[in-house]
Amino acid sequence: MSAIERGRTAALGGHVARCEDCAHTTIAYNSCRNRHCPKCQGAAAREWLAEREAELLPVPYFHVVFTLPAAIADIAYQNKAAIYDLLFRASAEALLTIAADPKHLGAQIAITSVLHTWGSTMTHHPHVHMIVPGGGISLDGKRWVACRPSYLLPVKVLSRLFRGLFLHRLLAAHREGRLSFFGKHARLAERKAFAAYLGPSRRIKWHIYCKPPFGGPEAVLAYLSRYTHRVAVSNHRLIASDHRG
């Protein structure tokens with residue numbers, strides 16, 4: 001918080017720009033460059049976007065989103081590093097595995113994956129956005145394998161594999177003592193209680209979105225770039241501020 005409070009103020013220094021013709025002078029104070037600051041890191045985000053756009057292939061693309069169910073998201077709030085890592089790994093493995101299956105695409109695909117931890121209402125809602133080319137390199141490495149028009153991979157199959165991979169690794173993390181629980185979830189430190197808590201998540205459908213982006217991959221990358229280097233709660237979203245909040 002101290003970095004954000006000092007950012008764009010004289011505390012971090014700055015530089016003076018003056019017009020040679022009219023002598024108009026402006027002072028620009030230095031950025032804190034903290035990724036939690038709503039005003040900084042704009043240049044870094046633009047650089048990231050340019051680099052990702054340069055990587056795009058001349059093929060159709062798909063926007064894929066893997067979302068954690070509410071019960072898992074609830075405990076992720078107390079175990080961010082561990083569960084967000086599992087979300088990245090399980091979603092990528094599910095996509096790569098199904099894509100490599102000759103019954104589906106039979107190819108090695110590429111993925112750009114970005115974590116979001118909030119939804120449109122600014123509440124905790126962990127999910128990953130992916131930009132995926134509509135095809136990949138054949139398993140023998142000799143040719144390009146294109147997917148069907150407007151269809152990448154079967155979402156139901158992806159959902160079941162993602163659920164299985166994630167829950168298997170989540171239980172392993174619990175056994176290895178890599179999860180912590182507090183408050184209303186303190187009881188989940190016990191192995192049987194944790195297994196029972198995950199029971200309903202084994203039976204429900206885990207939501208996956210997979211469709212061609214309406215505005216092309218550039219539009220999705222532009223959306224993601226706004227939050228790769230800074231938070232979603234920018235100044236224009238703030239309605240009021242007082243001693244209570």
Side-chain angles (χ1 to χ4, degrees), residues 1-18 24-56 63-68 70 72-92 111-131 170 173 178-183 185 213 215 217-245:
M1 191 63 221
S2 61
I4 297 172
E5 289 176 335
R6 296 172 67 208
R8 311 267 182 194
T9 70
L12 294 183
H15 57 276
V16 178
R18 187 173 65 180
H24 176 72
T25 301
T26 61
I27 300 175
Y29 294 115
N30 293 334
S31 158
C32 67
R33 301 190 68 185
N34 189 301
R35 77 168 309 274
H36 300 95
C37 179
K39 298 181 70 172
C40 296
Q41 297 284 58
R46 289 191 293 273
E47 290 174 6
W48 181 90
L49 176 59
E51 291 170 356
R52 299 293 78 74
E53 288 181 333
E55 295 169 347
L56 292 175
H63 182 196
V64 185
V65 184
F66 286 80
T67 302
L68 291 178
I72 306 297
D74 206 21
I75 59 173
Y77 203 71
Q78 298 182 352
N79 296 276
K80 295 180 177 68
I83 292 184
Y84 295 165
D85 180 64
L86 290 181
L87 174 56
F88 268 122
R89 293 178 183 274
S91 58
I111 301 168
T112 297
S113 187
V114 175
L115 173 71
H116 276 189
T117 58
W118 65 91
S120 58
T121 59
M122 298 291 107
T123 55
H124 188 237
H125 179 64
H127 56 287
V128 290
H129 290 267
M130 294 180 173
I131 293 293
L170 185 60
R178 292 191 284 119
L179 302 179
S180 301
F181 302 98
F182 311 95
H185 290 315
E218 295 86 355
V220 181
L221 286 174
Y223 166 70
L224 297 178
S225 71
R226 293 198 289 271
Y227 309 116
T228 53
H229 293 75
R230 53 185 174 180
V231 291
V233 186
S234 55
N235 287 349
H236 79 276
R237 290 185 184 269
L238 300 179
I239 299 171
S241 177
D242 57 29
H243 68 281
R244 292 175 298 175

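Treat the numbers as computed from the prediction; the structure is a model and nothing was measured.
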Rounded to the nearest 0.5 Å, what separation is found between the [atom1] atom of [X] and the [atom2] atom of [Y]?
| X | Y | atom1 | atom2 | answer |
| --- | --- | --- | --- | --- |
| N30 | C32 | CG | SG | 10.5 Å |
| I27 | H15 | CD1 | NE2 | 10.5 Å |
| I4 | S31 | CD1 | OG | 10.5 Å |
| L86 | L170 | CG | CG | 6.0 Å |

Checklist entry - Is there a side chain to side chain contact (heavy atoms under 4.5 Å, CB included) between L221 and I131 once you walk through the steps? => result CA-CA 8 Å; L221 286 174; I131 293 293; 4.1 Å; yes
Specify the closest pair of heavy atoms between [X] and [Y], including all atoms of both residues, with the distance to one decimal.
| X | Y | result |
| --- | --- | --- |
| R6 | A11 | NH2-O, 3.7 Å |
| Y227 | R237 | OH-NH2, 3.7 Å |
| S225 | A45 | O-CB, 3.3 Å |
| H125 | T67 | CE1-CG2, 3.4 Å |
| H63 | V65 | NE2-CG2, 3.5 Å |
| H36 | V231 | O-CG2, 3.5 Å |

Next on the checklist: For Y29, is the OH atom crowded, meaning more than 12 foreign heavy atoms sit under 6.0 Å from it?
Outcome noted: no
Checklist entry - Would you say the side chain of R33 lies within less than 4.5 Å of the side chain of Q41, judging by non-hydrogen atoms? => result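 SC-SC contact between Q41 and R33 confirmed.
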Checklist entry - Do side-chain atoms of N79 reach the backbone of L179 as a donor and acceptor pair under 3.5 angstrom? => result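 The answer is no, because no donor-acceptor pair under 3.5 Å joins these two groups.
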Donor-acceptor pairs under 3.5 angstrom involving side-chain atoms of residues 46-53: please list them, not counting sequence neighbours.
| from | atom 1 | to | atom 2 | distance (Å) |
| --- | --- | --- | --- | --- |
| R52 | NE | E55 | OE1 | 3.0 |
| R52 | NH2 | E55 | OE2 | 2.9 |

Checklist entry - By side-chain hydrogen bond (donor to acceptor under 3.5 Å, both in side chains), which residues pair with R89, not counting sequence neighbours? => result D85
Please table the atom pairs, donor to acceptor, closer than 3.5 Å between any side-chain atom in residues 111-122 and protein atoms at least two apart or in another chain.
| from | atom 1 | to | atom 2 | distance (Å) |
| --- | --- | --- | --- | --- |
| H116 | ND1 | H129 | NE2 | 3.3 |
| T121 | OG1 | T123 | OG1 | 3.1 |

